[in-house]
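Let me begin by presenting the structure, written as structure tokens, before commenting on it.
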Amino acid sequence: MEGPEPSEFAKERHAAFAEMMLHELPRDYASQEINRVTLAYFAVSSLSLLRSLHRVDKDQIATWVLSFQAKPKETHDVDDGKFFGFCGSRSCQFSEGPGQSVSNLASTYSALAILKVIGYDFQNFDSSIILESMRSLQMPDGSFMPIDSGAETDLRFVYCAAAISSILNDWSGMDREKAKDYIIKCQSYDGGFGLIPGSESHGGATYCAVAALFLMGFIQNDCNSSLSLPTSTIDIPSLVEWCIQRQGADGGFQGRANKDSDTCYAFWVGSVLKMLGLYHLVNKSALRTFLFTCQSPYGGFTKFPYEVLPDLYHSYYGFAALSLLEEKELGNLSVELGLAALN
Amino acid sequence: MPSSSSEQAYVPLRQRAEWADVRPVPQDEGPHPVVPIAYTEEFRDVMDYFRAVYVARELSPRALRLTTEALLRNPGNYTIWHFRRLVIDALDSDLVEETLFVDNLAKANSKNYQIWHHKRWLAEKLGPEAANDDHDFTRFILCHDAKNYHAWSHRQWVLQKLGGWDKELDFCHQLLEEDIFNNSAWNQRFFVITRSPLLGGLSAMWDSEVDYTIKAILQNPNNESPWRYLQGLYKGNPDSLITDERIPQLLLNILKENSYCVFAWNFLLDVLCKGLRPNNEIIEAVKGFTELDDAGSSDEDLPTRICSALERMDPIRVNYWAWRKSNLTL
């Protein structure tokens, strides 16, 4: 076991950790089994960022991901408001009986993200059913439900819809103007965004808001000139200050005011600044120092400093955050899509 | 009803007489599964039987009990929750009992979206009479975790849908007395003053809220939350930000005792940029503090001096203050 945390990025250990997760997840991940495709996305995109995709069989992964695609049993099912994207786990897939498989927006995003990361050729991929049925998930106020059988609606799924549309390069599946209207309503009095209108500003929600606006083409990259953006979009100066204020004295980023710094917000909040062209405002050396206190001796990253056991989520966002910091052992990140850019 | 395996030995469903007529449906992993999970035998057993009743669409009392067992082990699975709701509707089950069940599950899994969504479904069915009980429950959760995002979202939804606003501002105050740094409570306060049908909206509440916030700032000036809240109060009324005498008064009070209070300097910078005409006291305070700076001449304007001072005082944000300084002439 190590003594003081190394200030070196332990690439080999991280790649071994990600590969191990890809091959089997320990039983305490059973509570997250509904999101298995998302867990796969963390593992695969991690390996890509770690420039270690050669360790996996991409064809097998593509086949596995595609096996989660939900297909309608009857031709009228789409008109009935059912969504046909990708399921998140086997426990929502039913080939027998009258019940349909339940696909959801988050796993559809994750599935497409995996395919993109492994370089899958979308040329012959028929996305029409995904996009056509996705329209049923958009609410009159512009927000999105994740599944067609009723669930919470919030910014996470607006982001997923935008990311799906971007990856498939087809915006026929959503009303962008309505989505923008909903996003604007989620900006809080302090400049950050909450998951739903009225909710507390939160790093993850703020990422979803800004990344969705960015993907939909409503925000441009150079913030120096966009300080005079019309107020019909969002209050950018307040947003910038909110983001900057999230970096604590320990160098890490917190998700909300007066909360502890946590590895993943270095990605969520850092990405917002990156998309606004203002990542240079971050105190990079302080952030790097913080992130290395979260580097686990077992490979991967932990949520908080000096914890020992890593988890896949914080590991992925730890790698992503270090990629933003241009850690030399890591590949590039597509910030707005939250995945490894093709290197 | 069998509970978790730590309390008594789990009896596999295959061995229970009640389930003898059902053929379990195993999970079809397919070839070369990615991120397969090392499920326990118990988990696998319960899910195999759940799949069977789901596919058969068996909306029976034993199916309800089965979903209970499944949810105790897999509370995140929305397919099981959805099916349970179908069973509850078909059997016309007791919704108060169901509320007790989901509340117990919520206590153990307070950050699970599906559980809170189920609570919402129940609340909608039970209607406004259940609002107070629901608020009591979220109050309980917030007592143990005063910043639980799900609890706050749910509480906001219940207020807007089913009511119960009358004690909400007091609740916010109570939480702030316990922890003036609780940003969730500040956010809830803003939610209440802007949306409660009982209070008249922001314009009616504005004046007293400014006083409330100033008091909180004076109590602990190095707390980001009330500063942001104060800024938020003036958002709809930007002219009063630069004419309200309470603002320069507050800033001077703080900077006299706390000359290194970054939030105060930040706020002063912002109001100057928005057009505040500084009185002599403010000018003296800025010049007095920044005279110690050897960078820049003494007739630099106040915002520039403050940015330079902030670069020193708030080193984590040194790049941000330098950038603000460079944008001052724009």
Side-chain angles (χ1 to χ4, degrees), chain A residues 21-22 24-27 29-36 39-40 43-44 57 60-61 63-65 67 90-99 102 147 149-152 188-190 194-196 198-202 224 227 244-245 247-249 251 256-259 278 280-283 286, chain B residues 25 27-40 43 47 50-51 54-57 73-79 82 113-114 116-117 120-121 147 149 152-153 156 181-184 187-188 190-191 195 223-225 228-229 231-233 235 266 315-320 323 327 330:
Chain A
M21 294 289 107
L22 197 72
E24 191 180 67
L25 292 172
R27 61 185 43 175
Y29 281 85
S31 57
Q32 299 176 59
E33 67 89 35
I34 196 80
N35 294 319
R36 230 173 106 193
L39 293 169
V44 173
D57 185 326
Q60 273 180 12
I61 292 179
T63 305
W64 181 81
V65 169
S67 73
R90 295 293 181 218
S91 61
C92 313
Q93 273 192 310
F94 301 94
S95 49
E96 305 169 42
V102 183
I147 55 179
S149 50
E152 69 283 9
S188 171
Y189 60 86
D190 61 8
L195 273 183
I196 52 181
S199 281
E200 187 184 2
S201 303
H202 182 282
N224 291 305
L227 277 171
I244 290 292
Q245 204 61 51
Q247 191 168 18
R256 296 182 259 167
N258 292 329
K259 291 206 80 182
L278 292 173
H280 57 276
L281 301 184
V282 169
N283 189 321
Chain B
V25 177
Q27 178 154 301
D28 179 11
E29 284 287 1
H32 312 294
V34 180
V35 294
I37 299 173
Y39 303 115
T40 60
F43 189 98
M47 287 306 295
F50 169 72
R51 267 183 279 273
Y54 182 86
V55 160
R57 213 169 170 81
R73 289 164 180 88
N74 198 356
N77 189 310
Y78 44 74
T79 309
H82 175 69
Y113 285 98
Q114 286 68 43
W116 287 101
H117 179 75
R120 196 179 290 204
W121 179 80
K147 303 182 185 183
Y149 206 87
W152 283 115
S153 294
Q156 288 189 347
F181 290 85
N182 185 340
N183 196 65
S184 307
N187 182 75
Q188 185 72 351
F190 200 87
F191 179 82
R195 297 179 195 232
N223 175 2
E224 185 187 352
S225 298
R228 300 276 168 219
Y229 190 83
Q231 231 166 8
L233 289 173
K235 268 214 158 88
N266 188 352
I316 284 283
R317 271 160 281 281
V318 61
N319 300 330
Y320 176 68
W323 177 75
N327 281 333
L330 293 175

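By convention in this document, chain letters (A, B, ...) are assigned in the order of the sequence lines, proteins followed by strands, and residues within each chain are numbered from 1. Values in this document were obtained by computation on a predicted structure and should not be read as measured data.
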Shortest non-hydrogen separation from [X] to [Y] and the atoms involved:
X: B:His32; Y: A:Trp64; result: O-CD1, 3.8 Å
X: B:Gly76; Y: A:Ile34; result: O-CG2, 3.6 Å
X: A:Arg27; Y: B:Ala38; result: CB-O, 3.0 Å

Which one, [options], leads in non-hydrogen pairs under 4.5 Å with chain A?
options: B:Val318, B:Asn77, B:Ile316, B:Asn182; answer: B:Ile316
options: B:Pro315, B:Pro33, B:Ser153; answer: B:Pro33
options: B:Tyr39, B:Trp152, B:Phe50; answer: B:Tyr39
options: B:Ile37, B:Thr79, B:Val34, B:Asn183; answer: B:Val34

Under 4.5 Å from any heavy atom of chain B, what part of A:Val65 do you find: side chain, backbone, both or neither?
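When you check distances to chain B, no heavy atom of A:Val65 falls under 4.5 Å.
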Report which part of A:Ser67 has an atom under 4.5 Å of a heavy atom belonging to chain B: side chain, backbone, both, or neither.
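No part of it gets close to chain B.
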Looking at [options], which has the largest count of heavy-atom pairs under 4.5 Å with chain B?
options: A:Gln247, A:His202, A:Glu33; answer: A:Glu33
options: A:Ala151, A:Pro26, A:Ala286, A:Ser188; answer: A:Ala151
options: A:Gly248, A:Ala40, A:Ser199; answer: A:Ser199
options: A:Gln32, A:Lys259, A:Glu24; answer: A:Glu24

Mark yes or no for whether [X], through its side chain, and [Y], through its backbone, hold a donor-acceptor pair below 3.5 Å.
X: A:Asn283; Y: B:Arg317; value: no
X: B:Asn319; Y: A:His280; value: yes
X: B:Asn187; Y: A:Gly198; value: yes
X: B:Tyr149; Y: A:Leu195; value: yes
X: B:Arg51; Y: A:Gln93; value: no
X: B:Arg228; Y: A:Ala257; value: no

Examine whether an atom of [X] lies under 4.5 Å from a heavy atom of chain A, and if so say whether it belongs to the side chain, the backbone or both; otherwise answer neither.
X: B:Tyr78; value: both
X: B:Arg120; value: neither
X: B:Asn74; value: side chain

Rounded to the nearest 0.5 Å, what's the gap from CG on A:Asn258 to CD on B:Glu224? Could you check?
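These two atoms lie 6.5 Å from each other.
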If I take atom OH from residue B:Tyr54 and atom OG from residue A:Ser91, how far apart are they, to the nearest 0.5 angstrom?
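The distance works out to 10.5 Å.
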I'd like to know whether B:Tyr113 forms a side-chain contact (heavy atoms from CB on, under 4.5 Å) with A:Glu152, so could you lay out the CA-CA distance, the side-chain angles of the two residues, the decisive distance to 0.1 Å, and finally the verdict.
CA-CA 8 Å; B:Tyr113 285 98; A:Glu152 69 283 9; 3.6 Å; yes
Between B:Glu29 and A:Arg36, does any NZ, NE, NH1 or NH2 come within less than 4.0 Å of an OD or OE carboxylate oxygen?
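Looking at B:Glu29 together with A:Arg36, the answer is yes, because their closest N to O distance falls below 4.0 Å.
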Can you check whether B:Asn266 reaches A:Gln245 side chain to side chain, under 4.5 Å on heavy atoms?
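Counting from C-beta outward, B:Asn266 and A:Gln245 do come under 4.5 Å.
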